[in-house]
There are 2 protein chains.
Amino acid sequence: MDREHCLAMGRTCVAYNLRRASRLVSQVYDQALKPTGLKVTQFSLLVSFVLAPDSKMAQLAQWLGMDRTTLSRNLRVLEKRGLVELEQGQQDRRQLKVRITPEGKKVFEQATPLWLQAQEEVVGGIGHEKWADLAKELRSLVAGLK
Amino acid sequence: MDREHCLAMGRTCVAYNLRRASRLVSQVYDQALKPTGLKVTQFSLLVSFVLAPDSKMAQLAQWLGMDRTTLSRNLRVLEKRGLVELEQGQQDRRQLKVRITPEGKKVFEQATPLWLQAQEEVVGGIGHEKWADLAKELRSLVAGLK
DNA sequence: CCATACTTGATGTATATACACGTAATGTAA
DNA sequence: TTACATTACGTGTATATACATCAAGTATGG
């Protein structure tokens with residue numbers, strides 16, 4: 001395996017390029033959200049709960065492209081802070097329904113303008129149109145895998 | 001914060017979109033690399049070591065857009081498996097030089113075709129040209145943050 | 001030469017992530 | 001109804017990730 005091939009792998013590897021970008025980008029958001037004590041991962045989860053109240057875990061994990069068990073553990077962090085509540089399902093006692101609490105809603109509202117600040121900073125780096133393109137292609141990439 | 005705004009955040013958040021894509025994409029590569037026991041993160045590190053033998057950690061971390069401490073810990077995993085060696089620098093005794101071992105090279109060579117397989121699968125989902133565009137924009141996104 | 005600042009890497013701690021496996025609840029077919 | 005498969009979620013374990021902090025080595029100004 002010569003140097004040229006290695007260079008090509010580094011330049012083209014989808015996993016590497018995506019992981020690196022998401023590391024750096026996440027740091028910007030995490031920094032901006034710091035006053036709320038939220039990480040961007042947690043903020044994204046809160047968005048989901050506002051969008052889809054009482055959703056079930058498996059369903060949510062599917063939607064987020066996240067392993068069930070990952071979601072489970074990420075939820076526990078939010079639960080410990082009292083930002084979400086977990087309630088056993090009525091019909092099916094295996095199911096857990098997730099609901100955002102008033103406290104969770106408060107923190108979420110507080111976080112929203114901070115999120116926007118990070119978003120502007122990151123998107124500003126390449127321009128809104130370029131990001132719109134990129135987002136579309138990312139979605140089609142994801143769609144091809146699920 | 002109404003439903004429309006939440007939907008918009010979900011659709012446009014750079015961190016969310018990148019993290020989701022990198023989760024899913026990483027799984028494809030990890031799956032393909034399974035016979036080698038490597039994760040795609042580790043494979044990427046090996047590529048770096050082949051490209052830049054005897055590089056120093058801080059330098060490498062900068063290049064990879066990765067925190068010093070993250071790299072430090074990721075390296076230990078490879079060291080435990082005997083795939084890389086760490087050697088104290090001569091001039092500056094604080095610096096650690098990283099070198100891939102013969103065993104590391106062997107595993108790397110074994111992993112390369114498996115990587116290619118995953119790469120083809122993922123890139124195939126959107127087409128080589130679209131991915132070339134996407135990669136370019138990702139790089140410019142990253143460049144805007146460093 | 002010495003005191004102080006800076007650099008380099010490691011550790012403590014916490015979250016994020018997923019696979020393999022386990023348990024409990026539900027569905028289904030005989 | 002009972003036996004077995006399926007589904008929903010949790011646990012054990014391991015890696016990935018980064019911030020705050022620490023320790024040790026190096027550089028620099030006096």
Side-chain angles (χ1 to χ4, degrees), chain A residues 15-16 18-34 36-45 55-62 64-81 83 86-98 145, chain B residues 15-16 18-34 36-45 55-62 64-81 83 86-98 145:
Chain A
Y16 168 66
L18 283 178
R19 290 187 75 100
R20 184 177 53 156
S22 75
R23 274 196 299 269
L24 292 167
V25 165
S26 295
Q27 283 178 49
V28 176
Y29 286 80
D30 285 351
Q31 187 63 36
L33 292 173
K34 207 159 209 180
T36 66
L38 290 176
K39 311 195 98 192
V40 66
T41 327
Q42 302 172 342
F43 181 75
S44 296
L45 288 183
S55 18
K56 289 122 212 163
M57 289 204 35
Q59 193 178 350
L60 210 52
Q62 169 67 22
L64 296 167
M66 183 181 282
D67 192 88
R68 247 175 356 84
T69 65
T70 301
L71 177 58
S72 179
R73 282 178 158 115
N74 290 356
L75 274 180
R76 297 301 168 178
V77 176
L78 294 175
E79 195 195 13
K80 250 195 309 190
R81 256 191 81 181
L83 306 186
L86 303 178
E87 193 197 354
Q88 198 176 32
Q90 243 80 86
Q91 325 96 317
D92 188 335
R93 274 177 302 172
R94 288 170 304 184
Q95 289 186 342
L96 273 187
K97 284 190 289 191
V98 188
L145 298 178
Chain B
Y16 168 65
L18 283 178
R19 290 186 75 99
R20 184 177 54 155
S22 76
R23 274 195 299 269
L24 292 167
V25 164
S26 295
Q27 284 178 48
V28 176
Y29 285 80
D30 286 349
Q31 186 63 35
L33 291 173
K34 206 158 210 181
T36 65
L38 291 176
K39 309 195 101 193
V40 67
T41 326
Q42 301 172 344
F43 181 74
S44 295
L45 288 182
S55 20
K56 289 123 211 162
M57 290 205 33
Q59 193 179 350
L60 210 53
Q62 168 68 21
L64 296 168
M66 184 180 281
D67 193 87
R68 271 195 345 280
T69 66
T70 301
L71 177 58
S72 179
R73 283 180 156 111
N74 290 354
L75 275 180
R76 297 303 168 176
V77 176
L78 294 175
E79 195 194 14
K80 250 194 310 187
R81 255 192 83 180
L83 305 186
L86 302 177
E87 194 195 353
Q88 197 177 33
Q90 244 78 90
Q91 325 95 315
D92 188 335
R93 274 176 302 171
R94 290 169 303 182
Q95 290 186 339
L96 273 186
K97 284 190 290 191
V98 188
L145 298 178

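Here is how names work: the chains are called A, B, and so on, in the same order as the sequence lines, proteins then strands, and each is numbered from 1.
Nearest heavy atoms, Val40(B) versus Ala15(A): CG2-CB, 3.6 Å.
A donor-acceptor pair is defined here as one N or O able to donate and one able to accept, closer than 3.5 Å; no such pair exists between the side chain of Glu87(A) and the backbone of Lys97(A). Judged by distance alone, with hydrogens and angles left aside, the side-chain atoms of Arg23(A) form a donor-acceptor pair with the main-chain N or O of Leu64(B) at under 3.5 Å. Not one N or O on the side chain of Gln31(B) forms a donor-acceptor pair closer than 3.5 Å with the backbone of Val28(B). In this structure, the side chain of Gln27(A) does not engage the main chain of Leu24(A) through any donor-acceptor pair within 3.5 Å.
As rounded to whole Å, 13 Å separates atom P of dT15(C) from atom CG of Leu45(A). Between the CG atom of Leu96(A) and the P atom of dT23(C) there is a distance of 18 Å, rounded to whole Å. If you measure from atom CG of Leu60(A) to atom P of dC9(D), you get 10 Å, rounded to the nearest angstrom. The interatomic distance linking Asp92(B) (CG) with dC6(C) (C1') rounds to 12 Å, in whole Å. Per the geometry, CG belonging to Leu86(A) stands 10 Å off P belonging to dC9(D), to the nearest Å. Summarising the geometry, the separation between CD on Glu87(B) and P on dG9(C) is reported as 14 Å, rounded to the nearest angstrom. The separation between Gln95(B) atom CD and dG25(D) atom C1' is 11 Å, rounded to whole Å. When the P atom of dT15(D) is taken as reference, atom CG of Leu33(B) falls 15 Å away, rounded to whole Å.
With sequence neighbours left out, the salt bridge (charged side-chain N to carboxylate O under 4.0 Å, His left out) criterion links Arg68(B) to no other residue.
Distances shorter than 4.0 Å separate some side-chain N or O of Gln42(B) from OP1 or OP2 on dA16(D). A sub-4.0 Å separation between OP1 or OP2 of dA8(D) and a side-chain N or O of Arg93(A) is absent.
Toward the 5′ end of DNA chain C lies the nearest nucleotide of Met57(B), the other residue of the pair Gln90(A) and Met57(B) mapping further downstream. Where Gln88(B) and Lys80(B) meet DNA chain D, the nucleotide closest to each residue was compared, and Lys80(B) sits on the side nearer the 5' end.
Within 4.0 Å of Gln59(A), counting heavy atoms only, lies no atom of the nucleic acid at all.
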Polar-atom pairs under 3.5 Å, protein N or O versus N or O of nucleotides 17-20 of chain C: list them with distances, or write none.
{"residue": "dT17(C)", "atom": "OP1", "partner": "Arg19(B)", "partner atom": "NE", "Å": "3.2"}
{"residue": "dT17(C)", "atom": "OP1", "partner": "Arg19(B)", "partner atom": "NH2", "Å": "3.1"}
{"residue": "dT17(C)", "atom": "OP1", "partner": "Arg23(B)", "partner atom": "NH1", "Å": "3.1"}
{"residue": "dT17(C)", "atom": "OP2", "partner": "Asn74(A)", "partner atom": "ND2", "Å": "3.1"}
{"residue": "dA18(C)", "atom": "OP1", "partner": "Gln27(B)", "partner atom": "NE2", "Å": "2.6"}
{"residue": "dA18(C)", "atom": "OP2", "partner": "Asp67(A)", "partner atom": "N", "Å": "3.0"}
{"residue": "dA18(C)", "atom": "OP2", "partner": "Thr70(A)", "partner atom": "OG1", "Å": "3.0"}
{"residue": "dA18(C)", "atom": "N6", "partner": "Arg73(A)", "partner atom": "NH1", "Å": "3.0"}
{"residue": "dC19(C)", "atom": "N4", "partner": "Thr69(A)", "partner atom": "OG1", "Å": "3.0"}
{"residue": "dA20(C)", "atom": "OP1", "partner": "Lys34(B)", "partner atom": "NZ", "Å": "2.8"}

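Within the 4.5 Å cutoff, the side chain of Leu38(B) has heavy atoms near those of the Leu83(B) side chain.
Evaluation of atom-type donor-acceptor distances gives no pair under 3.5 Å for the side chain of Arg94(A) against the base of dA8(D).
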